[in-house]
Protein chains: 2
Amino acid sequence: MSESDITREKIIVAARERFSHYGYPKTTIAELAEDCAMSPGNIYRFFKGKIDIAVEIARREALSAVEVIEAVLDCPLRSSRQRLEEVVFADLRYTFHLLENQPKTLELAQIVVSDRPQFQIESLRRERRVFQRILHEGQASGEFMVVNVPATTIALHGATVKYRYAQLFTNQTLAELERELAHVMTLIMRGLMPTVEGRAVVETRIPDETNVASIAAEAAAAAAEK
Amino acid sequence: MSESDITREKIIVAARERFSHYGYPKTTIAELAEDCAMSPGNIYRFFKGKIDIAVEIARREALSAVEVIEAVLDCPLRSSRQRLEEVVFADLRYTFHLLENQPKTLELAQIVVSDRPQFQIESLRRERRVFQRILHEGQASGEFMVVNVPATTIALHGATVKYRYAQLFTNQTLAELERELAHVMTLIMRGLMPTVEGRAVVETRIPDETNVASIAAEAAAAAAEK
DNA sequence: TTAGTGAATAATTTATTGATTGTTCATTCT
DNA sequence: AGAATGAACAATCAATAAATTATTCACTAA
């Protein structure tokens, strides 16, 4: 890491701290400069403007969120159905808790998106890729019966919009949303899976709220085994 | 209609005109009073406050929107699947055009909801009832295979959230949203309908954009025939 | 009694101003 | 040269004052 990369990191660390404590608007460039023991002007050698610092932080946040979810993909001993359900519920819970505990993170995201609409589009695309991978897997193993994977990915994503950043749409509790999402997933699963001997596909059960660390650990263990 | 009901109507008509032209905030009670050739004070004999005039207008708007959709239920010669699809697409198109052509209507709705959260809850409930009726019908006729109608109603409603007032979530075009919704409905239909001889349920096609008048006329004709 | 008034008041909104902040750049350091 | 500064300027924000508006109510008219 070059000297100037280190300085850049220092700015990001200071900004993340201040943004999450006091919020983006209340954080001044002068303060960031002071935190980094430099002059305000020097910040502009590393970022084109204040908003670009926020964009970089939000970008990393979004990437690490998707990585957490992708960890589910690397966990062994799971059917495609289980994977899909875990991913969707993880999304609901992760974003729900985020809005509940870190309101400043949402504020930051909203500011970034209103300034850079492209940011949201790319975040959604990354999310969809996870769905698509699971559908492909399920398709290949014969567990799912998907006629058109890209179209179904879009459908799946569209049908679960309400369960990402749910508090933006409703003031239901997490428990209510989980019950509702279970019904949605039941419906979707009946659409994805072939019926065996005329018996309806069994209902989706709300998965346990495994924490992020344990999923990551499980995935790491599986990787090590290989 | 009593004398005082007529006066009340006069106020509502004047308010609707001004709200849709200049918006709720820019309309003053004094102006409404002048339109109705009365004093500001007298308005308060008919409405508790300014916001209550807006609530009444929004309530009527919401009711008539649901009535339009309910007209689909009374149309003959339609399978439950067709009904469901027509209702969902009608919802997308109706709300899309509303936001596109009548931005003040959205503004009004947002003001009412932020002041009276119950208003939104009841509007959603009315919408869900339409879904529930269709599911019941389909269930009864054997066209649908629904294990739990209330749960499936909730699922169906939740899965189609994005396609009501879609511009609040995305800046996709109507055509894009229609294609996407078709995929969602295909997925849902595969979840609702029994598979016949192992053949996948056929994809949802985007229905023609029949106008409201023609649906209402069709329903009326059907009613007259009986 | 019921319908309506309009001036008085309380609540909000808008305009104005002064202070703060983001950004630039000529200049100084290393 | 590249790295960093900090004063200067423009843009934005916060605080306050001014104006407008919602709401009330004592009162009049029918």
A.B. asks: Roughly, in whole Å, what's the span from CZ in Phe47(A) to P in dT24(C)?
C.D. replies: 15 Å
A.B. asks: To the nearest Å, give me how far apart CG (Asp5(B)) and C1' (dA3(C)) are.
C.D. replies: 14 Å
A.B. asks: Just how far, in rounded Å, is C1' of dT5(C) from CD1 of Ile29(B)?
C.D. replies: 16 Å
A.B. asks: Any side-chain N or O of Tyr44(B) below 4.0 angstrom from OP1/OP2 of dT24(D)?
C.D. replies: no
A.B. asks: CD1 of Ile6(A) versus P of dA4(D): gap in Å, rounded?
C.D. replies: 12 Å
A.B. asks: Among the nucleotides dA22(D), dT23(C), dT21(C), which one has an atom lying closest to any side-chain atom of Thr28(B)?
C.D. replies: dA22(D)
A.B. asks: Report yes if a side-chain nitrogen or oxygen of Arg45(A) is closer than 4.0 Å to either non-bridging phosphate oxygen (OP1 or OP2) of dA4(D); otherwise report no.
C.D. replies: yes
A.B. asks: Tell me: CZ of Arg18(A) to P of dT21(C), nearest whole Å?
C.D. replies: 11 Å
A.B. asks: Do we see a donor-acceptor contact under 3.5 Å between the side chains of Glu180(A) and Tyr163(A)?
C.D. replies: yes
A.B. asks: Testing the 3.5 Å rule here: is there a donor-acceptor pair between the side chains of His157(A) and Arg164(A)?
C.D. replies: yes
A.B. asks: Can you figure out which of dT24(C), dG6(C), dA4(D) approaches the side chain of Ser39(B) most closely?
C.D. replies: dG6(C)
A.B. asks: Could you tell me which non-hydrogen atom of Ile206(A) sits nearest to which non-hydrogen atom of Ala182(A), and how far apart they are?
C.D. replies: CG1-CB, 4.0 Å
A.B. asks: Does Lys162(A) make a cation-pi contact with Phe169(B), if we ask for NZ or CZ under 6.0 Å from the ring centre and within 45° of the axis?
C.D. replies: no
A.B. asks: Find the distance Lys48(B):NZ to dA22(D):P and express it as a whole number of Å.
C.D. replies: 16 Å
A.B. asks: Using atom CD1 of Ile111(B) as one end and atom C1' of dT13(C) as the other, report the distance to the nearest whole Å.
C.D. replies: 14 Å
A.B. asks: Of the non-hydrogen atoms in Glu176(B) and Thr173(B), which two are nearest, and what is the gap between them?
C.D. replies: OE1-N, 2.9 Å
A.B. asks: Check whether any side-chain nitrogen or oxygen of Lys26(A) sits under 4.0 Å from OP1 or OP2 of dA14(D), and answer yes or no.
C.D. replies: yes
A.B. asks: With nearest nucleotide decided by heavy atoms, which residue, Lys50(A) or Phe46(B), maps closer to the 5′ end of DNA chain C?
C.D. replies: Phe46(B)
A.B. asks: Measure the distance from OH on Tyr24(B) to C1' on dT13(C) and round it to the nearest whole Å.
C.D. replies: 13 Å
